[in-house]
Structure formats: C-alpha cells, structure tokens
Amino acid sequence: MTETPEGPVDKRDLTRRTVVVTGGAAIAAVGVGGGLAVNAFADEATSDASSSSGSETCYTLTSETTEGPYYIDADKIRQDVTEDEEGIPLTLTLKVIDADTCKPLRNAAVDIWHCSALGVYSGYESSGNGGGGGGNPPPTGAPTGTPTGAPPSGGPGGGGGGHAEPTDDERYLRGTWKTDKHGHVTFRTVFPGWYQGRCVHIHVKVHVDGTWTDAGYEGGHTCHTGQLFFDEESVLASAEVAPYSTNAATRTTLDEDTIYPDNGPAGGLLYLKYNKRHIEKGVRAHLTLGVAPDETHDSTDTPPSASASAG
C-alpha cells in the first residue's frame, strides 16, 4: 500500500488559520475478481499534532455546506435511525476532532438526516420525490447509466433554501447521538436514494458545549453543518437493487452537484467498503470531521465554496 499526498487545499476554503494538508492512501480492490469495493481513499491519515506549531492546524477543516430546508432539531436521540425503511443497510461511523489540535471531541451531539431510497424526507412526505407531491406509486424501471448534461434546476432543498416547517410526524432516517471519548459516533441507517437536482448525500451537524440530559441534548452551539457524499460507483451499484431500482427520478451525479465542494474527504466524500457484487448485503462508511469547536456554523451562515452554489 503506497501513500500519495492529496492535492493542495483551495485557498477559498481557508478561514482563520494555515492548513496542513493531510495524506490519503490509495488501495486496490482485493478479493477474487475485485469482489471487495473500496473507494479511492482507503484510510485517513492525520499529521502528528506534536510536530505542528501552535499557529497551524493538524487536520484539514471539513467544508461547511448549507443545511437545506428539511432539518428537524434533535427530534430522535438514537443510533439506529432505520425504523421500517427499506434499503441497503448502511453503517456510518464518524470521528469528530478539533482541527487545530487533532484531539477528539467527546460528548458532542451529532445529527444526521437523509432521504429514503425513493428520495423522500420524513417529516416532509407531502413534498414527495423531486418536489412533485406525494401519494402516487413510484415509477418502475431502473435509472440508466450516468446522467449527462447540466443538473436539473429546482427540486427539493437538500441543497439550499430556507427552513420548511414539517408537514407530518414521520421521523425515519433521522437521529442524534453523542460521540465517545475517542470522538466516534456510529449510526445504523440505509443507503440514501436520490431526487431531482441533488446527488446522493447525508446531512450532518455537530453540536458542542451543551449538556446531555434525560430529555436529550440542551444548550451549546453548532460548530459544523455539512453534507456527506457517495462516489458514483457505489450509487450506480445501489441503483440495481430494489427499492432503488424503482426510483426513476432524474439523478444528479457527484460531479454535477452544485453543493458538493469537489474537494474529496475534506468536502464530505465518504470512505466506503462493500461487496462489489452484492452491495445489497450492506455498506460500511466512515469519515473524520475536522471542526473548529469555538466557531458557530448552524445553518447557511457559512456559504459553500466558490465552486458550489446554494441553489
């Protein structure tokens, strides 16, 4: 296994400090006939914090992106957010660290939320897939290959736009849980689907300086609002599996998406591991989130990089 340095961080992404770019390791697929699929980055490597001066950060700050309109604040304190939703099992593990020191953030509250295999957000079922309203059966037929041309305009707001009030009491594929002493938090969910105008993604928030009570998480502030992304190979594989194969919404690729910052793991691109021939057996995803715990990024106060728009 050889290590290759990642490309330089765009100066547009720098805020109040100098960034020491982390390394990424490349790995080839293993197993007979490449049966195990691992995306381009096999693991995450961080700089040695002891070798960095106080004026430098030891890990790349994870990009802030827009919250979108479908966030519901800390409504379900749980790790398993699946409920009865159908889809490819997904185990998502995040590690939250202070980007200045590389120290893990313990007892932070991490929120995730995403759409179903058919592109519907709980709490907003009346919006349907692609903003076209609910109540109709999903179209049949698998989506074809890789979409071409510019991504469609409009669609529901997994991207930008102001907050929308929930229209129902459903809360599947949403949850909040706390990080352990190593900064880790793990969720059990399903591989997200897609809807018009956005690539496949998961929303994420990190809250710090609050208090865990019997009622949940109270106080503190939000130090990170971002999105997690999936490579095209995994999305195409999921599209061959029911119920994703019945989702005929026009799909936007990662390269076409207007929210993805196009900077790899620093922009939320997940590390994935799954059986290439049988993705339906499950996917494991992980990523380290480098955050600035003393800053506040709670909604759309920090716009996406210049390469993305909030539309």
Side-chain angles (χ1 to χ4, degrees), residues 29 31 33-41 68 70 81-82 84-92 112-122 125 127-132 134 136-156 158-159 172-173 187-203 227-260 262 268-287:
L36 178 67
V38 181
N39 61 1
F41 301 92
Y70 296 150
V81 304
T82 309
D84 295 324
E85 284 301 297
E86 296 182 355
I88 298 167
L90 173 66
T91 300
L92 172 65
I112 65 163
W113 70 102
H114 62 86
C115 71
S116 69
L118 298 181
V120 177
Y121 281 92
S122 65
E125 289 187 342
S127 296
N129 181 320
N136 296 318
T140 58
T144 57
T146 302
T148 58
S153 60
Y172 52 82
L173 308 181
F187 292 97
R188 291 182 295 279
T189 184
V190 298
F191 198 97
W194 58 89
Y195 51 84
Q196 183 177 350
R198 287 302 318 277
C199 69
V200 174
H201 63 283
I202 294 175
H203 294 266
Q227 297 182 27
L228 310 172
F229 300 94
F230 296 79
D231 61 40
E232 185 70 4
E233 182 180 11
S234 65
V235 175
L236 286 173
S238 74
E240 299 298 320
V241 178
Y244 306 88
S245 57
T246 67
N247 184 348
T250 302
R251 190 175 61 78
T252 299
T253 67
L254 187 68
D255 288 340
E256 294 171 333
D257 192 73
T258 58
I259 301 299
Y260 174 54
D262 197 23
L269 184 63
L270 290 163
Y271 299 90
L272 305 176
K273 184 176 181 179
Y274 57 93
N275 186 314
K276 191 173 183 180
R277 295 177 178 174
H278 298 285
I279 192 172
E280 70 274 8
K281 292 184 177 180
V283 176
R284 301 186 68 85
H286 75 276
L287 191 68

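Counting begins at 1 with the first residue of the sequence.
The CG atom of L272 sits 12.0 Å away from atom CZ of R284, with the distance rounded to the nearest 0.5 Å. For the atom pair CD1 of I202 and CZ of F187, the computed distance is 10.0 Å after rounding to the nearest 0.5 Å. Q227 CD to C199 SG: the interatomic distance, rounded to the nearest 0.5 Å, is 7.5 Å. A distance of 7.5 Å separates CD1 of I259 from CZ of F229, quoted to the nearest 0.5 Å. Within the model, atoms CD of E233 and CG of L254 stand 13.0 Å from one another, a figure rounded to the nearest 0.5 Å. The distance from atom NE2 of H203 to atom SG of C115, rounded to the nearest 0.5 Å, is 8.0 Å.
Closest non-hydrogen pair, L287 versus L269, comes out as CD1-O, 3.5 Å. Nearest approach of L90 to A285, heavy atoms of both residues: CD1-CB, 4.0 Å. The two residues S127 and Y70 come nearest to each other via the heavy atoms OG-OH, 3.6 Å. When all heavy atoms are compared, the tightest approach of T82 to T189 is OG1-CA, 3.4 Å. Heavy-atom minimum distance, P243 versus L118: O-CD2, 3.5 Å. The two residues V241 and E280 make their nearest non-hydrogen contact at CG1-CB, 3.8 Å.
Using the six-membered ring where Trp is involved, W194 and Y244 have ring planes that are parallel, under 30° apart on the 30 and 60° scheme. Between H201 and Y195, the angle of the ring planes goes over 60°, which puts this pair in the perpendicular group of the 30/60° scheme.
Judged by distance alone, the side chain of N247 and the main-chain N or O of A117 form a donor-acceptor pair under 3.5 Å. Using a distance-only test at 3.5 Å, with no hydrogens or angles considered, a donor-acceptor pair links the side chain of S116 to the main chain of V120.
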The test is side chain to side chain contact (heavy atoms under 4.5 Å, CB included); show your working for S234 and F191 and say whether it passes. CA-CA 10 Å; S234 65; F191 198 97; 3.7 Å; yes
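Evaluated for a side chain to side chain contact (heavy atoms under 4.5 Å, CB included) with H114, the options L173, L92, L228 yield exactly one hit, L173.
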